[in-house]
Amino acid sequence: MVYQRTIAKEVKVTGIGLHSGKKVTMKLIPQDSDFGIQFLRVDLPQSRPMQANALTVGTTENATTLGSGLEAIHTVEHLLGTLYGLGINNVLIEIDGPEVPIMDGSGASFVFLLKETGIKNLNKSKKFLVILDTVRVEKDGKWAQFEPHSNLAIESTIVFAHPIIKTQKFNFEFSCESFIQDIARARTFGFARDVDMLKRKGLIKGGSLDNAIVLDDYKVLNPEGLRFNNEFVRHKILDTIGDVSLLGFEIAGKITTYKSGHNLHNLLCRKLLETPSAYEIVAASSLKAEAREAHKLPQFISVSH
Ligand SMILES: [Zn+2]
């Protein structure tokens, strides 16, 4: 049986928002099965919990935003990607500001936090969204698609006219362990030449070399360099996992992306949901053994029951 998971106890984390530059404190609170992932803006007295769901996504410029207007919550993708990576399905995220803290620009700090907190198996099976047919979206020469596969796999290609990035392609076969090793640590990135333009748009006010890879026209400006030589495409996979986790289920299917971003990932999820013949929701027990195996947590994460 692959059980639904929550966290073993409540945990708090403080950091700054990448785009807002504001300090935020976030509290993760354990929940029972079938609760899902919900956010609550505790700084707004009238605010109600908001389910993390592909259909609640508002803007997708530079980050994925849930909801809209004053109650929106920005930059949810790295936290959601990490929760998916560790198979955590049920948690309430209380947050006292408009943006999830950026931490080091990757999912690594959240992995560390969740590892310290511990994970709890709930007494109910996970459900999986199984892709039955190809669903594809295309926009301006960029595309993304779902197709049938026994486990979650993501093959991403990114193309940048930059000598350090160029074209990078990575084929990731999901398991909790490989997520932690190969994907979670990959940081977001940006270009020094865009900084003024983004700041004029009110973005990346909290951006620094501590929470993003920054490149000038020739090289990486971070003194510590890269964590992987293809860290950029690995980060694209972290973003993709966070964005498709908004379908609300573990996924058995292959996602292929070419020059994709948050907008295309959300369009892909919406198109899938509009195509009921292209997927089914099944209990974990009806999946192939390898797909169930992939959701085992590595030994260094403590799991309670
Ligand atoms: Zn990202």
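Numbers here are sequence positions counted from 1. Each ligand, and each atom within it, is numbered from 1 in the order the structure gives.
Checking Asp239 against the Zn ion (ligand 1), an N/O/S atom falls under the 2.8 Å cut-off.
Residues Asp140 and Lys142 are not paired through a salt bridge, judged by the lack of any N-O separation under 4.0 Å between the basic side chain and the carboxylate.
Checked against the Zn ion (ligand 1), the N, O or S atom of His235 at the shortest distance is NE2. Minimum-distance N/O/S atom of His78 relative to the Zn ion (ligand 1): NE2.
With contacts defined as side-chain heavy-atom distances shorter than 4.5 Å, the pair Phe35/Asn89 does not qualify.
Side-chain atoms of Ser20 and Glu99 include a donor-acceptor pair closer than 3.5 Å.
Side-chain atoms of Asn222 come within 3.5 Å of backbone atoms of Ala212 as a donor-acceptor pair (strictly under, hydrogens ignored).
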